[in-house]
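Single-structure report; data block below.
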Amino acid sequence: MKEISINGKKREVLGKKASKQLRKEGFIPCNIYGESKDADGNPVALAFAASFNELRKLIYTPHIYVVKLNIDGTDHTAIMKEIQFHPVTDAPLHVDFYEVNDQKPITIGIPVKLVGLAQGVRDGGRMNLSIRKIDVTAPYQQIPEHLDVDVTNLRIGKSIKVGELSYEGLELATSKDVVVCSVKMTRNATASAGDATEEGGDEAAADAPAAK
């Protein structure tokens with residue numbers, strides 16, 4: 001996984017009013033969750049704020065990053081877990097991070113990358129990507145930037161499911177029955193199939209012995 005460094009400062013004052021003021025100043029309210037639990041066993045969050053200018057390269061990217069957070073001089077290694085966006089403007093309102101370490105596996109969605117030109121597409125079909133990410137569980141150092149899915153032999157009407165995939169060192173957490181991609185029939189493919197049938201019929205007729 002790629003790495004990115006972000007600086008943050010602890011939030012001493014919480015609440016909607018304080019968060020709104022932070023956004024006006026060009027900062028985004030954030031939380032980082034680690035191993036700490038409260039008396040009821042719920043995760044304890046460290047509230048901090050980070051500059052939007054630093055966070056934007058993490059938010060607006062398809063890539064998965066390990067985030068090196070420096071919060072008031074203390075270093076944390078984390079991954080971004082969730083972003084809240086404004087329902088109208090799509091501006092980021094809040095970002096949650098999850099602290100990671102060398103021993104504890106994490107579960108995270110990894111982008112799917114289709115590799116090869118499917119036979120079904122060569123025959124006139126249309127490739128359909130059903131899911132853009134597959135959840136995997138592994139130590140963060142073993143998590144790749146994307147998951148390659150070879151579609152070279154995929155024909156029209158066929159699909160690839162999560163259960164058909166495997167990657168060394170990774171446990172796939174998405175359900176095995178979920179369809180990753182498929183090749184759909186198109187009008188062009190239907191017409192091509194019809195033409196091929198007609199041509200085959202004509203050839204058969206030409207090859208047939210003449211009636212006596």
For Gln21, which of Lys17, Lys24, Glu25 qualifies under side-chain hydrogen bond (donor to acceptor under 3.5 Å, both in side chains)?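 Among the candidates, only Glu25 passes.
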Are any non-hydrogen side-chain atoms of [X] and [Y] less than 4.5 angstrom apart?
{"X": "Arg11", "Y": "Ser19", "value": "yes"}
{"X": "Lys104", "Y": "Asn101", "value": "yes"}
{"X": "Val162", "Y": "Ile131", "value": "yes"}
{"X": "Lys161", "Y": "Val180", "value": "no"}
{"X": "Val95", "Y": "Glu82", "value": "no"}

Pair Ile32, Tyr98 - check side-chain contact (heavy atoms from CB on, under 4.5 Å), show working. CA-CA 5 Å; Ile32 179 171; Tyr98 183 77; over 6 Å; no
Could you state whether Ile110 and Val178 fall into the same hydrophobic cluster, counting links through intermediate Ile, Leu, Val, Met, Phe, Trp or Tyr residues with side-chain heavy atoms under 4.5 angstrom apart?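 Yes, one cluster joins them.
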Distance-only, no hydrogens or angles: does the Arg23 side chain make a donor-acceptor pair with backbone N or O of Leu93 under 3.5 Å?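 Yes; judged by distance alone, with no hydrogens or angles, the pair exists.
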Has Asn128 got a side-chain atom pairing as donor or acceptor with Ser182's backbone, closer than 3.5 angstrom?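 No, the answer is negative, given that no donor and acceptor are paired below the 3.5 Å cut-off.
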Partner of Leu165 by side-chain contact (heavy atoms from CB on, under 4.5 Å), out of Ile160, Val112, Leu170: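 Of the listed residues Ile160, Val112, Leu170, the side-chain contact (heavy atoms from CB on, under 4.5 Å) partner of Leu165 is Ile160.
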Less than 3.5 Å apart, any donor N or O on the side chain of Lys68 or Thr77 sitting next to an acceptor on the other?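 Present: a donor and an acceptor within the cut-off.
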For Arg122, does the CZ atom sit with more than 12 other heavy atoms under 6.0 Å from it, leaving out its own atoms?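 Buried by this count: over 12 neighbours within 6.0 Å.
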The criterion is side-chain hydrogen bond (donor to acceptor under 3.5 Å, both in side chains); which residues satisfy it with Asn153, sequence neighbours excluded?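 With sequence neighbours excluded, Asn153 shows a side-chain hydrogen bond (donor to acceptor under 3.5 Å, both in side chains) to no residue whatsoever.
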Does Lys9 make a cation-pi contact with Phe27 (under 6.0 Å, within 45 degrees of the axis)?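 So Lys9 does make the cation-pi contact.
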